[in-house]
Colleague: 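This structure is in structure tokens; I'll ask about it shortly.
Values in this document were obtained by computation on a predicted structure and should not be read as measured data. Naming convention: chains lettered A, B, ... in sequence-line order (proteins, then strands); numbering from 1 in each chain.
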Number of protein chains: 2
Amino acid sequence: MYNPSLKQCHTSPQANCADCRLASICLPISLHIDDINKLDDIIQRGRPLNKTERAYYAGDKFRAVYALRSGSIKTVQVTPDGQEQVTGFYLPGEIIGMDGLAANHHTNSAIALETSAICEIPFSRLEELSAKIPNLQRRFFQLMSKEITQEQQLITLLGKNSADERIASLLLSISTRNHTRGLSAKEFYLPMSRSDMGNYLGLTIETVSRVLSRLHKQGIIALNKKHVNIEEMDTLKNTALVQMDA
Amino acid sequence: MYNPSLKQCHTSPQANCADCRLASICLPISLHIDDINKLDDIIQRGRPLNKTERAYYAGDKFRAVYALRSGSIKTVQVTPDGQEQVTGFYLPGEIIGMDGLAANHHTNSAIALETSAICEIPFSRLEELSAKIPNLQRRFFQLMSKEITQEQQLITLLGKNSADERIASLLLSISTRNHTRGLSAKEFYLPMSRSDMGNYLGLTIETVSRVLSRLHKQGIIALNKKHVNIEEMDTLKNTALVQMDA
DNA sequence: CGGCGCCTTGACTTGCATCAAAAGTAGTGG
DNA sequence: CCACTACTTTTGATGCAAGTCAAGGCGCCG
């Protein structure tokens, strides 16, 4: 069931962390209420991004990380020979921009897949605050570590798995992450194009389309453009072999 | 030129960070001398690992991260269906174990590829110290971010590049990392087996062997078992297209 | 010197890419 | 509201890079 309340979130830009429906999965996890308010003080909420607009560009000086409040975002790297590689898809409550820390400039661009709202968290302030709030420091270390382990799962997927397994894994990843957000694990929209899926999974657009059609014909998923309904969850999980988790 | 002094490093287990030849590329970068000594106080140096011994096992409770002092290490993930995926190769001065932070247990095993010495850095102490030394906190954030960006480069490599490009990229990665350590960029030993290389790059052992033979026949590299001499650096760089950096 | 891993090489197969074209969808302006 | 254009997706036919299967070589160690 597609939950339109998500769409509405970016219409209340003044919402603070303490009230935010996503607080339980976002940066503030495990913080005391007064620490949440301190965090809230440094967060900047701008106007929503329209589809194809960018939160930051590859090459931009690194100044902040961003929490996605609503919508969805892809991160994209440009290779030296000018090709684009999609490095991740992000859903509300997830943090983007941590790639910029190492070299002090972003190595990815973050592009909105639909109208999206983000909370900008200036990094220098976050650093100061982390030094004062041990749980926040710990939380941020954890978020980066989670990014690392997730990327390792993607590496495994790209290194070892067939086209069918890759697609099934991506569908299940989005399914479980939706579920974590109180949405349906069974029925959801894919915010990205076939081309983005293929790029992310190391497949051509034709292969993505063929695999999705096949899963549809086999009755494992119902598919209408970007709207997916997982009809046989167990079969899909068997196909995936590897569960990429949230 | 293979520099045997590297081999000797693990024979001086009492070395401290301030004296360590690797300090300029390891965790202590940009720390004041007294801060380095504080860091040094929490570091534990055990006996060297023999080949195939593990610094930690996947599933182990996360207690520490580890700086590699000498030798080389691979990190390996086990997929649900029992296959192994090599997720990284590590050289002296590099930090391993940051995968364990997110879930509070390691998701990889760290396996010595040859006799190797490591510095164990208990994480709870590192956290405390990071809160007191801003440069250390920053440095550790940077190391994790670097891990993220490097993995994204590997994802791109696996998603978009041919067998030749993957092998060339790995050779160049090891070359530049050796160079950073004051060793030759041109001539070096590959510490890992063909099987490890293939596993890491998403290729079969036969393909790795064929590509290396081809590079050899073309005169781009000289190859004797694990000993590599890059004869035509520019050609190799052209083959790689993408430079995976240190 | 014989057995066991690791690596190389060759012959054959196959999954996915490539090429091509048509159908579907969205956006724009008259 | 429809016509027109441009983009995305689907489907089909063909080709190729890398996988699989198989055999043999090399080095190491007891």
Colleague: So where does chain A start and stop touching DNA chain D, 5' to 3', when the test is distance under 4.0 Å to a non-hydrogen atom?
Modeller: dT9(D) to dA13(D)
Colleague: Tabulated below should be each protein N or O lying under 3.5 Å from an N or O of nucleotides 7-16 of chain C; please produce it.
Modeller:
residue, atom, partner, partner atom, Å
dC7(C), OP1, Lys226(B), NZ, 3.4
dC7(C), OP2, Arg194(B), N, 3.4
dT8(C), OP1, Arg194(B), NH2, 3.1
dT8(C), OP2, Arg194(B), NE, 2.8
dT8(C), OP2, Ser209(B), OG, 2.9
dT8(C), O5', Ser209(B), OG, 3.0
dT9(C), OP2, Ser213(B), OG, 2.5
dG10(C), N7, Arg210(B), NH1, 2.8
dG10(C), O6, Arg210(B), NH2, 3.3
dC16(C), OP1, Ala163(A), N, 2.8

Colleague: Measure the CG-NZ distance between Leu113(B) and Lys51(B) for me, rounded to the nearest 0.5 Å.
Modeller: 8.0 Å
Colleague: Does Glu94(B) come within less than 4.0 Å of Lys146(B), counting only side-chain N to carboxylate O?
Modeller: no
Colleague: Using the test salt bridge (Lys or Arg N to Asp or Glu O under 4.0 Å), find all partners of Glu231(B) that sit at least two apart in sequence or belong to another chain.
Modeller: none
Colleague: Report the residues that fulfil salt bridge (Lys or Arg N to Asp or Glu O under 4.0 Å) with Arg63(A), sequence neighbours left out, ordered by chain and then residue number.
Modeller: Glu120(A)
Colleague: Taking the axis from the first five pairs and the axis from the last five, what angle separates them in the helix from dC1(C)-dG30(D) to dG30(C)-dC1(D), rounded to 10 degrees?
Modeller: 40°
Colleague: Taking NZ, NE, NH1 and NH2 as the nitrogens, is one of them in Glu232(A) or Lys237(A) under 4.0 Å from a carboxylate oxygen of the other?
Modeller: no
Colleague: For Asp196(B), what residues pass the salt bridge (Lys or Arg N to Asp or Glu O under 4.0 Å) criterion, not counting sequence neighbours?
Modeller: Lys74(B)
Colleague: Could you grab the distance from atom CG of Leu236(A) to atom CG of Leu215(A), nearest 0.5 Å is fine?
Modeller: 6.5 Å
Colleague: Determine, step by step, whether Ile95(A) and Glu147(A) satisfy the side chain to side chain contact (heavy atoms under 4.5 Å, CB included) criterion, reporting the C-alpha distance in whole Å, the side-chain angles of both residues, the deciding distance to 0.1 Å, and the verdict.
Modeller: CA-CA 9 Å; Ile95(A) 308 290; Glu147(A) 190 89 9; over 6 Å; no
Colleague: Under 6.0 Å between ring centres: does that hold for Tyr66(A) and Tyr56(A)?
Modeller: yes
Colleague: To the nearest Å, give me how far apart NZ (Lys160(B)) and P (dA17(C)) are.
Modeller: 11 Å
Colleague: Taking the six-membered ring for Trp, are the ring centroids of Tyr189(B) and His227(B) within less than 6.0 Å of each other?
Modeller: yes
